[in-house]
**Student:** 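First, the structure itself, so that you have it in front of you.
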Amino acid sequence: MDRPKKETKVTSECFVNASTSWSINDSKKLYSVNEWGAGYFDISTRGEVQVTVQNNGNNPAQKSAVSLLEIVKGMKARGLEMPAILRIENLLDQRIKELNEAFIRAIKNTGYQGDYRGVFPIKVNQQCHVIEEIADFGRRFNHGLEAGSKAELIIALSQLRDLDSLIICNGYKDEEFIDLGLYARQIGISCFFVLETPAELPIILERSRVLGIKPLIGVRIKSSVIVDGHWNINSGDHSIFGLSTTSLINVIEQLKAAQMINCLQLLHCHLGSQIPNIRNIRSGVLEACRFYSELINEGAPMGYIDLGGGLAVDYEGAKTNSTNSMNYQLDEYCINIVETIAESLNPLNIAHPIIVTESGRATVAYSSLLLFNVLDVRNYDPQPLPASLPNSDHELLHNLFSVLSGVNQNNFQECYNDVLYYRDEIREMFRHGQLKLADRALADNITLAVLERIAKILKTIDRIPPDLEKLPELLCDIYYGNFSLFQSLPDIWAIDQVFPVMPIHRLKEQPTREAIIADITCDCDGKIDRFISPQGIRNTLPLHTLNEGEEYYIGVFLIGAYQETLGDLHNLFGDTNVISVKVNNDNSFDFIHEFQGDSIADVLSYVEYEPKQMLEQFRCRAEQAVRDKKISVSQRQKMLQAFKASLQGYTYFERE
Ligand code: PLP
């Protein structure tokens, strides 16, 4: 087909025009860093995301900061490639300290007579070094552990060395689980069995009789409070855990009959995770106190009230009661709990119990982040178009082309309708063999050019027609990130969780592209397309154009809770490299732990392959090819070496 030589560049700009006066403050606003960063994350004067921690020592007001890019450089120098999980040990310690100190403050300020004992639920992040750090640092606050299975109880028994810290055993417990917990009692550990179902009690009573060890027992109630947020369908009467009021009465009767009512010392009430609304928490505590006082009336000594998890993390930084946010601060949470318990129990002359909470998310979320590099970008910019079309082009192409020159503020809706109509007609003709591939490509390109012009007009008007609302997303870039959503950020896929996502460098430059982020699994769900912005959740993220020969690094923040634990092997992308660092008082940092992520041989063995056998099978095939004279012996050698090296290699994209 004859095409005129002269080309008109329609546009290859994206929707944002680069401004020369861009500053790091603009980046701070754009990515809401100060809001979700909670003082732990910020942007340095060099335009890099930095992590800020309290200094060790007596003056917590003194802080140190380290650039994430510097840490990435240190990782590269040590051969630790992207993607990687970065753990900041100081932040884990700081969160434990802040939680405990906030309760201590609330207790002091309200004249509460009981203590606070935090426990960390192991299921939220079971990684050995996380639990070791919590057990080690938490010791100064008698911070204990919560176990929901035998394996987690074994972790708790081996890691906690402080007899004043609690071990709370939730979940369904068999004889073996109960025996372990009873032995823990025998060596002086405050290990509570929390009854999830009435069926557990006869086993506890029997094993306690056989071993001659008295248990510490708690009862988990089903609160009738329905909480806001993602987990509200699991709260209230329909909660799958806890004892109904009838079962609770049954448990009390059994304990009395066995003359073991004095073992019942703890009331447990977990309303749900990530509770964004403080009013729900107050209502839950109020109801828990009613149960607590009734149990005292029944003759149980009690002494502990365990309010479970639920303390939220403000992933959005919006300070609202939306699912990914919270409408309260840590101090407010503690004061609300302490005050509500005191106000409920004072009129009844009931001694103030020890308050236990099982904060998981709020303890670990901040301390881990995922770092990955961008491998490629696909954009939907139209290609340069000719000034006019040759007469020989189909009439429909001419019709489509004429829409392009006429788009303006007054007719963009009409142009939108026309362009889609002509495009679809052309596609129909292509399907029936009446137009060629080049015609179809030209039509797609003109359509993109028109849509891009309309998208620009939309930015200038107040009221966007509903059918055009998604247009900017349809035209945005796709940045391909070197990570697996299913392995490293499963909650984005499973529960539409929103995490803060942003580049960790080049923040003195204005990002000029709008993008979604795709991972490297072959799954269309493997993408991030919901992002935090000052205006609320948006479907694209502003990013920079890639610079030739330079890596572009993106961080996904606040991922310390649940993500590592729930990640899976989709497409056999395994565990990523993990690095934990400690920031020093002089703004330097040390690499404390380094873990190589899974090799390909590792992930294959998880799904029951035998890597050695696979190598042997491949060797036989290569040997056969030598016999068949398809390859030489030295080619065979090369292939086997490549096969072996791949088995030992990282499951993610490796740059040469
Ligand atoms: N305790 C129990 C019994 C839980 O089921 C959970 C999680 O849902 C937690 C504690 C931790 O909750 P969160 O991570 O919201 O603190």
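Just follow the structure's listing: the first ligand is 1, and inside any ligand the first atom is 1.
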**Student:** If you measure from the Lys or Arg side-chain nitrogens to the Asp or Glu carboxylate oxygens, is any gap between Asp93 and Lys582 under 4.0 Å?
**Tutor:** yes
**Student:** Using 4.0 Å as the upper bound for N to carboxylate O, is an ion pair formed by Lys256 and Glu253?
**Tutor:** no
**Student:** Against heavy atoms of Arg220, which atoms of ligand 1 measure under 4.0 Å?
**Tutor:** 3 (C)
**Student:** Is there a side-chain contact (heavy atoms from CB on, under 4.5 Å) between Leu145 and Glu152? Walk through the geometry before answering.
**Tutor:** CA-CA 9 Å; Leu145 292 168; Glu152 289 183 355; over 6 Å; no
**Student:** Do the charged groups of Asp174 and Lys150 touch, with an N to O distance under 4.0 Å?
**Tutor:** yes
**Student:** May I ask you to identify the nearest protein heavy atom to atom 7 (C) of ligand 1, giving residue, atom name and distance to one decimal place in Å?
**Tutor:** Tyr562 OH, 3.4 Å
**Student:** Can you check whether Gly309's main-chain N or O pairs, donor with acceptor, with His270's side chain at less than 3.5 Å?
**Tutor:** yes
**Student:** So does Glu358 pair up with Lys123, basic N to acidic O under 4.0 Å?
**Tutor:** no
**Student:** Out of all atoms in ligand 1, which are within 4.0 Å of some heavy atom of Gln274? Include the element for each.
**Tutor:** 15 (O)
**Student:** Which ligand 1 atoms are under 4.0 Å away from a heavy-atom of Gly360?
**Tutor:** 13 (P), 14 (O), 16 (O)
**Student:** Should you measure from each heavy atom of Asn170, which atoms of ligand 1 turn up under 4.0 Å away?
**Tutor:** 3 (C)
**Student:** Within ligand 1, which atoms have a heavy atom of Arg361 less than 4.0 Å away?
**Tutor:** 13 (P), 14 (O), 16 (O)
**Student:** Could you tell me the residue and atom name of the protein heavy atom closest to atom 5 (O) of ligand 1, and the distance to it rounded to 0.1 Å?
**Tutor:** Lys123 NZ, 2.9 Å
**Student:** Which atoms of ligand 1 are found less than 4.0 Å from any heavy atom of Ser359?
**Tutor:** 16 (O)
**Student:** Return the closest protein heavy atom for atom 15 (O) of ligand 1 as residue, atom name and distance.
**Tutor:** Ser273 OG, 2.6 Å
**Student:** As an exercise, identify every atom of ligand 1 less than 4.0 angstrom from a heavy atom of Gly310.
**Tutor:** 12 (O), 13 (P), 15 (O), 16 (O)
**Student:** Phe41 and side chain to side chain contact (heavy atoms under 4.5 Å, CB included): which single residue from Asn34, Thr52, Leu558 fits?
**Tutor:** Leu558
